[in-house]
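Comments concern the structure below.
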Amino acid sequence: MKVKEKEKKENIPLTCGAVITQPGSTKKYKTGEWRTFIPIIDQEKCIKCGKCWMNCPDGAIFKTPEGKFMINYAYCKGCLICEKVCPVKAISHKVEEK
Amino acid sequence: MKVKEKEKKENIPLTCGAVITQPGSTKKYKTGEWRTFIPIIDQEKCIKCGKCWMNCPDGAIFKTPEGKFMINYAYCKGCLICEKVCPVKAISHKVEEK
Amino acid sequence: MKQVLFLGRGGQGAVTSAQILAIATFKDGKYSQAFPNFGVERMGAPVRSYCRIDEKEITLREQVYEANYAIILDPTLVKQLTEKVTELIIVNSNKKPEELGIVTDAKVKCVDITSIALKVIGKPFVNIAAIGAFSALTGEVSINAIDEAIKQQMGHKGTLVEKNILAIKEVYENAKRE
Amino acid sequence: MKQVLFLGRGGQGAVTSAQILAIATFKDGKYSQAFPNFGVERMGAPVRSYCRIDEKEITLREQVYEANYAIILDPTLVKQLTEKVTELIIVNSNKKPEELGIVTDAKVKCVDITSIALKVIGKPFVNIAAIGAFSALTGEVSINAIDEAIKQQMGHKGTLVEKNILAIKEVYENAKRE
Amino acid sequence: MSEKKVISGAEGVAIAVKLCKPKVLPMYPITPSTLVPEKLSEFVFNGEIDSKMIHVESEHSAISALYGAYATGVRSFTATASQGLALMHEILPIVSGSRFPAVMFVANRALSGPLSIWNDHSDSMSERDQGWIQLHCESNQEAFDTIIMAYRIAESKKVLLPVMVCADGFYLTHAYEPIQIEDQEKVDAFLPDYTPEHYLDTTNPKTFGAFAQPNSYMEFKEEEEKAMREAIREIIKVSKEFDKSFGRKYGNGLVEGINLEEAEYAVLGVGSVCGTIREVIKELNEQGKKIGLIKLKSIRPLPVEDLKILCKDLKILGVIDKHASIGFGGALTNDIRSALMGEKVKVEGFVAGLGGRDINKEKIKELINTIMKNKEGYWLK
Amino acid sequence: MSEKKVISGAEGVAIAVKLCKPKVLPMYPITPSTLVPEKLSEFVFNGEIDSKMIHVESEHSAISALYGAYATGVRSFTATASQGLALMHEILPIVSGSRFPAVMFVANRALSGPLSIWNDHSDSMSERDQGWIQLHCESNQEAFDTIIMAYRIAESKKVLLPVMVCADGFYLTHAYEPIQIEDQEKVDAFLPDYTPEHYLDTTNPKTFGAFAQPNSYMEFKEEEEKAMREAIREIIKVSKEFDKSFGRKYGNGLVEGINLEEAEYAVLGVGSVCGTIREVIKELNEQGKKIGLIKLKSIRPLPVEDLKILCKDLKILGVIDKHASIGFGGALTNDIRSALMGEKVKVEGFVAGLGGRDINKEKIKELINTIMKNKEGYWLK
Amino acid sequence: MAILGIDEKEYFASGHRACAGCGEALAIRHILKAAGPKTIIAQATGCMEVVSTPYPESSWEVPWVHCAFENTAAVASGVRAALDAKGDKETNIIAIGGDGASFDIGFGSLSGALERGTRMLYIATDNEAYMNTGIQRSGATFPYANTTTSPAGKVIPGKTQPKKPLPFIAAAHGIKYVATASVMNLMDLHMKVKKALSINGPTMIVVLVPCVPGWKIDSSSTIDVAIKAFETSISPLYEIEEGVLTINQKPSEKKKVEEYLMMQGRFKHLLPEHIKKIQEYVDARWKYLEENNGKKVFDNLF
Amino acid sequence: MAILGIDEKEYFASGHRACAGCGEALAIRHILKAAGPKTIIAQATGCMEVVSTPYPESSWEVPWVHCAFENTAAVASGVRAALDAKGDKETNIIAIGGDGASFDIGFGSLSGALERGTRMLYIATDNEAYMNTGIQRSGATFPYANTTTSPAGKVIPGKTQPKKPLPFIAAAHGIKYVATASVMNLMDLHMKVKKALSINGPTMIVVLVPCVPGWKIDSSSTIDVAIKAFETSISPLYEIEEGVLTINQKPSEKKKVEEYLMMQGRFKHLLPEHIKKIQEYVDARWKYLEENNGKKVFDNLF
Ligand SMILES: Cc1ncc(C[n+]2csc(CCOP(=O)(O)OP(=O)(O)O)c2C)c(N)n1
Ligand SMILES: Cc1ncc(C[n+]2csc(CCOP(=O)(O)OP(=O)(O)O)c2C)c(N)n1
Ligand code: SF4
Ligand code: SF4
Ligand code: SF4
Ligand code: SF4
Ligand code: SF4
Ligand code: SF4
Ligand SMILES: [Mg+2]
Ligand SMILES: [Mg+2]
């Protein structure tokens, strides 16, 4: 596919002065694609301390209404900081398979 | 006289990059012309302390080989700092007459 | 169109003179334009300023190369006058015109503005008072207009304005008598 | 002229791959030109780089819109390949080509470069080793030239250079066998 | 209330600014624009104007603070000259690229080196590419009026580009002459409140100053160029309305032809020099010489169509260029030549008035003589 | 020793700089020029070059330190791009006004806003007035060679003007291709030591950077313009000598005509795009179309006479403009139109390639089609 | 809603393009949480700008403005003046710049804003080099670090100058609040951001943010490295409030700098003599801090 | 030859166009004498540049270079590097800027040069406003002073911020020598210039230089006003050497600030409340100096 066509297809909407009117719109872009390692939380081991949530640079960990900490794999880049900071080693990792 | 002619007459020599090759050449310009008051040193009273020489912003006071402090009226602007700083009031002033 | 040149020392107010003259002549119903010689002069150095006066709108923007009138605010500056003056040169001086050694085809008049200023204002502020002499000797501007001009320009300075107005009047009378 | 596309992740060295290929083909006596896709990508994001190879001097400066060969350094990036490829797509993968689901008219070959790299280099450095596969499968560049190119580009890195050269050879052999 | 007063050009500009009620005033001194911030400081420190003054530490910060103020959605103002404008250079296309309708006053002064505090157009001309509308003034009345028009033009929804109002340093800024000062009410009626669509707002968070990839950058630039085309129409419109409200106009707002009806030759000038050219033309016309004047007010957008019409019967046009693009002569001349390529008129450029060199009547006559003899332009010193 | 190697354009530039033995290297990073200071840092930190590196805190200080080094009388170098060059803006004419023969490498990149790290010519084109010779390069070999020629040209006693060597960011800086790297001895023979007449010297104290009053400023600027005229001759001379020493040349050093002999139409390009145009021209020539290429290397001085000669048999010239003077279209187009005013050739401008938009063969064909149909230029997106 | 007392809502959206493991992105995420939604951000060019605003996408859930590299504090001054003119006293303004933007190119503009008393919180996110352009030396680069413009060369072993002491330089301006922080202690960062925003005047926080490619560390060790920086006193946590210095937290056991240095590729060329010099340098700075703990180190109030 | 131990030769020639009584010109005259002929001066735009270099005349008897307003320290860095490259270790480099150039617009460039350790003496000649352009407020302007951009207005009584504490800000960079000086004590100025030039690295002196039109004083009272500034502790004389603060000279009797303020037209609008505030401000700063006299106030050596 030619970039030129692609460019035309993309047809980026232009705002005046290149203002972005949609806050937080990078959410459209799934950085989970970048991952080479995938972290996995062992909910059994987890003590719900929230440290993984605190330390994730990508805001890819969230707390469920039930109080569980889970990983949003759409954004998790697999840095494995969460694994390192977990005080009870509830997080482990594997090589990503896509 | 027209400035234009004057400009032509002046015929400022141009150096490459407007470098000034003559150090201290403002000496050509006699700031004594600016004076409205003229300071006068009373050599009788003067104790040769050099304070007037120290404090003149125009370097218009000099020491003669005999050790006298004298004013170079070509440059003295008549600020009268020298008069103020003289510890023995050896300097007085008059209105300039040209 | 008449062109007026003020010659004074940096700090002496020659620029203000031209401005006040421009304001005054406008109040007299004429067109006027005042501007300084654009320089980097410091206090004490010679400074020029100019005023153009005309019956019709002034669009000319070139510098003043030749003046109808010159007003020299400081007698020590006489030698600095290099411009051609066609009608009248007014010098703030207690001397006689011939004593000043000015080479010119114009008339030369001396008015001892400094003395009057010292007497009336208490300080050697001659720049505004000099306009009184100009008014008296040329008739290019009215004394009333000068008063109003001073008020517009210096409005907030209270007694100094009053004193300047008095000085102008006295200089005017004095110059008339010449 | 042949155009080669490398597709990898930021940090994986796709840019270096293209550079080394360009150096190597030049050592083989051809003309070459390598350049990255000009982006702001960070470590982890998909990154493209290109190499042009020709018998005559290359003056073309447009971007690569269509490649003869594509080399995908990371099997997870297969879906990111949007450019048209005309001859061959080489994928670093331990899978079979048909398992990858690539829709293309070009041939697709898989070489398990990561395993070889891990074995020979001890780290998953696949970007240089991949050129071995390219050499084996296309014949566009000689293995010796690649060796020399690595030395020119990484000269100062000692054992790593050696290991990469070994890895290239092994990948080459491996790919040849396919 | 409305009155005509003899004041300095700088004061006139400051009063005009005050009448436009800007909210933020980042200020930094530089000769010969300093009188404007000084006067505005007086207004602020005396409580005569409801604006926040920012005493920035450099012009780079002045234009940056201006940018910040516009991002926050308020009308603002700054003034500068020469080195100050040059120091703002990097930020100028960011302001225009952001489509902030800022207004800045430039007291034209030569660029160093060598250092010069005197007038020419090298400061603003060097910024002619940066997406700012650039309007020049012949007189202080025109400077006063142009400030007010500038906000209207800039803030027009069709335009949304910043405007540089230029006036010759010293020649205008320091000259006292009569200026008609307009009523606040009349100005208010002419200039509506500034109501931007986008601004920094915690209740509707937007992102300003994002980066554009190759897939959109060029389109944004094209939008700017289109806005400049709109500006041509808008300037004419605003100029007409200004005339209706205040009874004054400057050609069509972009350019003015003077005594061109019969003319075979004409001089094109920008700014205060036009006043002097007028005098010369008058004299020469009286002598029966067929000379006209084209007073170019808008450097950007360049009114190409108007220029073509004004020049259609001319043999030769002599351009007075107060700025040289070193290595290719007068910059304005090049623009005019490009605009008139294919027309029958010949364009000769005369670089003049650099670094405060006075362009007097005599020099203008020399120029006219030259073009009338069909000779080439040169550096008119 | 002399060898031909596949390296990046930036590395080629750094090696060329090293061969010229500059004494002072003020450096500041910015994409896409950063690879040059990085490579030079390697040389310095490894002791391979006898130069002092200054880790300045901004490009403004980089150019200022460069100025200081030249005032002290030593050959020096810096490199930058885009915002960095823009931040230097105020100091650029001070360097040229001081007649310091500095050499700076510019990796061309678009100016913000919106922010873009990608290639176009808005950074260097925006400085075309500031008294710098501006030479563009089509290939990395040309960039390498032009750095060496630049010092010769700049330091020629007849010229003494700074030179900006421009190469397209990414397209060249980041491209690996074969570069013939020359011997130190040969470069030394070609480029004599730098021996300035004036420099800061306590045994002969001189004053640098004085201010010029209206009675001399204009003359200094005229001297610069004259030096640019000299530069035209000098560039041709240096280019010939370079060819003699190294066996390579780029037209006459200023401009090159390609396949113009039969051409009725031609494309004028600057920099790397010329390579792509060459390909297109070749194809079209083979199809029997009479199309040529004018590769403009020197933006300043603009080789007006050469352009006239090259264009004398053309019907239409299409200019590819990688920079727009917003409010008056392509800036290069305007220059070329001005240069060719009165000639029979028609000049059409095409703004293209802004902010990294690729100018591919297809677009060039589109352009050629347009001019062959005698249609107007436009924004070629 | 809150987790560990911290706003659960994300104001720095996922999908940003920072490297996996980016310390700077982590700091930004928490700065925004601490500041809350009534906040305007003005940010300098640098990694964080580039990873978060590829038009037409933005990671920012609060109003955000970028202008250039060197003028963020000036832009913030304009924003503040405009808010003042509108009578808005509520909205926070946080100016953020990397170390390049803050220690080097933008320091003139920052110093000007501190001088004139712009009410804003300025945060320098310090990853000790120009990362966005590929790891060049800045004034904040740690001594001897290998960067692309201060390479570990044969004759010069990396950066030769000490780290510019920005917090002290800022405090010397006489501003009311200056603090250091680190991604090592995010609670502390929260507290400091909140405190700074409560003050009427310019305030400043310098946050240490490890960078994966820049420091040549594994993406997972961002926090570990920051902890080690604290434990070795390389990155002490302190505040200077109205001129009074307070060390917030002392390492329980002071570790050798070597432990920190050896974790990072950028220091792998160091010889024992270099490590010794660094230890002395760090010890001297720590000694100064301890000696002046609780004392008024600056005074310029009016 | 010497007078009072001072070089008799003038290096700043007469004929310069400074106002009669200019304190700044006086300082320059003595700085040059102290430095001697093996000195290169790099100077920012400002009064001193304008009064001394109207082409084709120059007041300078030593090599002198000017570039712009905001970059003098960077120019000096270039000069130093070039001398280093030539192997010249003898020549002094003094960069001089007014307070506008040094406290405000050129501070970024100055800070950069201090950070990278350029061997130069930077002298800020402080007349507390932009004088060359007609007395506008700078960061160095004394609080409440009437300037043309901080006029004594009906609602704001002159400058509202304190004086930017430049010597401390410079010292906080960790440089080896910072001092204040004044035309009040020219011998002290000589000593400090000589000391600074003997140090291998960046050094800085801030000299108080009264300005006749700017301060609205009589041309004859330049020295008197400077003396009063010292006696009231408004202009204390101190050095910070390797971080250690030393007060050089204390006023025998501490006078009230009022005495100083009332000498000058720029303060004539002040009300008693303003004077009181200034007295408190000055007292607090003096107290800080006295308390820290002899102490290490900074540490960042490497
Ligand atoms: C005037 C100018 N110079 C240089 C640049 C190029 N540039 C952009 S970001 C950057 C580095 C940013 O470093 P830092 O502030 O430390 O932030 P980081 O990327 O490390 O987070 C540079 C050099 C620029 N954009 N503008
Ligand atoms: C970028 C820039 N901005 C403004 C100016 C105008 N300018 C020249 S000197 C000066 C004031 C100098 O003040 P200071 O540094 O305090 O020196 P002083 O004149 O008081 O001795 C100003 C504002 C300039 N030359 N360049
Ligand atoms: S691996 Fe990194 S990005 Fe993924 S959830 Fe853990 S901390 Fe977040
Ligand atoms: S850090 Fe570990 S224990 Fe704590 S919430 Fe996360 S997974 Fe659970
Ligand atoms: S009056 Fe002033 S200028 Fe004259 S000698 Fe005395 S101190 Fe010097
Ligand atoms: S100050 Fe007075 S006593 Fe001292 S040398 Fe001068 S005139 Fe003589
Ligand atoms: S380079 Fe460093 S600072 Fe930049 S995004 Fe990557 S980790 Fe973060
Ligand atoms: S204005 Fe002040 S600083 Fe400038 S020359 Fe006059 S006295 Fe000196
Ligand atoms: Mg950084
Ligand atoms: Mg000052």
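Keep in mind that the numbers below use all heavy atoms, side chains included, and drop hydrogens, waters and symmetry copies. As the structure is a computational prediction, the values presented were derived from the model and not from experiment.
In terms of heavy-atom pairs under 4.5 angstrom with chain F, the leader among H:Q43, H:E70, H:E49, H:E115 is H:E70. Taking F:H55, F:K23, F:M53 one by one and counting their heavy-atom pairs under 4.5 Å with chain H, the maximum is reached by F:H55. Ranked by heavy-atom pairs under 4.5 Å with chain H, the first of F:I94, F:I63, F:L25 is F:I94. Ranked by heavy-atom pairs under 4.5 Å with chain F, the list H:S109, H:A68, H:A42 is led by H:S109. Put simply, of F:N204, F:L200, F:V95, F:V74, the one with the most heavy-atom pairs under 4.5 Å next to chain H is F:L200.
Considering all non-hydrogen atoms of both residues, F:Y67 and H:C67 come closest at CE2-CB, 3.5 Å.
Residue contact with chain F, scored on non-hydrogen atoms closer than 4.5 Å, involves the backbone and the side chain of H:V65 alike. For F:Y70, no part lies under 4.5 angstrom from a heavy atom of chain H. Looking at F:L66, neither its backbone nor its side chain comes within 4.5 Å of chain H, counting heavy atoms on both sides. Only the backbone of F:K206 comes within less than 4.5 Å of a heavy atom in chain H; its side chain stays farther off. Contact annotation for F:V24: only side-chain heavy atoms (C-beta onward) come within less than 4.5 Å of a heavy atom of chain H. Both the backbone and the side chain of H:P54 come within contact range of chain F, with heavy atoms under 4.5 Å apart.
No option in H:S59, H:S52, H:S58 other than H:S58 meets the side chain to side chain donor-acceptor pair (under 3.5 Å) test with F:T207.
Side chains of H:P63 and F:T202 form a contact here, defined as non-hydrogen atoms less than 4.5 Å apart. In this structure, H:Y55 and F:Y217 have side chains that are not in contact, with every pair of non-hydrogen atoms separated by 4.5 Å or more. No side-chain heavy atom of H:L110 sits less than 4.5 Å from a side-chain heavy atom of F:E57.
When the shell of 6.0 Å around NZ of H:K9 is examined, it contains more than 12 heavy atoms from other residues, nucleotides or ligands. Shown here is F:Y199, whose OH atom has no more than 12 heavy atoms of other residues, nucleotides or ligands within 6.0 Å.
F:K21 is linked by a salt bridge (Lys or Arg N to Asp or Glu O under 4.0 Å) to F:D188, counting only residues two or more places apart in sequence or in another chain.
Between F:F208 atom CZ and H:I41 atom CD1 the span is 14.5 Å, to the nearest 0.5 Å.
Using a 4.5 Å cut-off between non-hydrogen atoms, the part of residues 71-92 of chain H that approaches chain F consists of H:N71, H:A74, H:V75, H:S77, H:G78, H:V79, H:A81, H:A82, H:L83, H:D84, H:A85, H:K86, H:T91. Contact residues of residues 16-25 of chain H toward chain F are absent (heavy-atom distance under 4.5 Å). By a heavy-atom distance cut of under 4.5 Å, H:R116 are the residues of residues 116-130 of chain H near chain F, going up by number.
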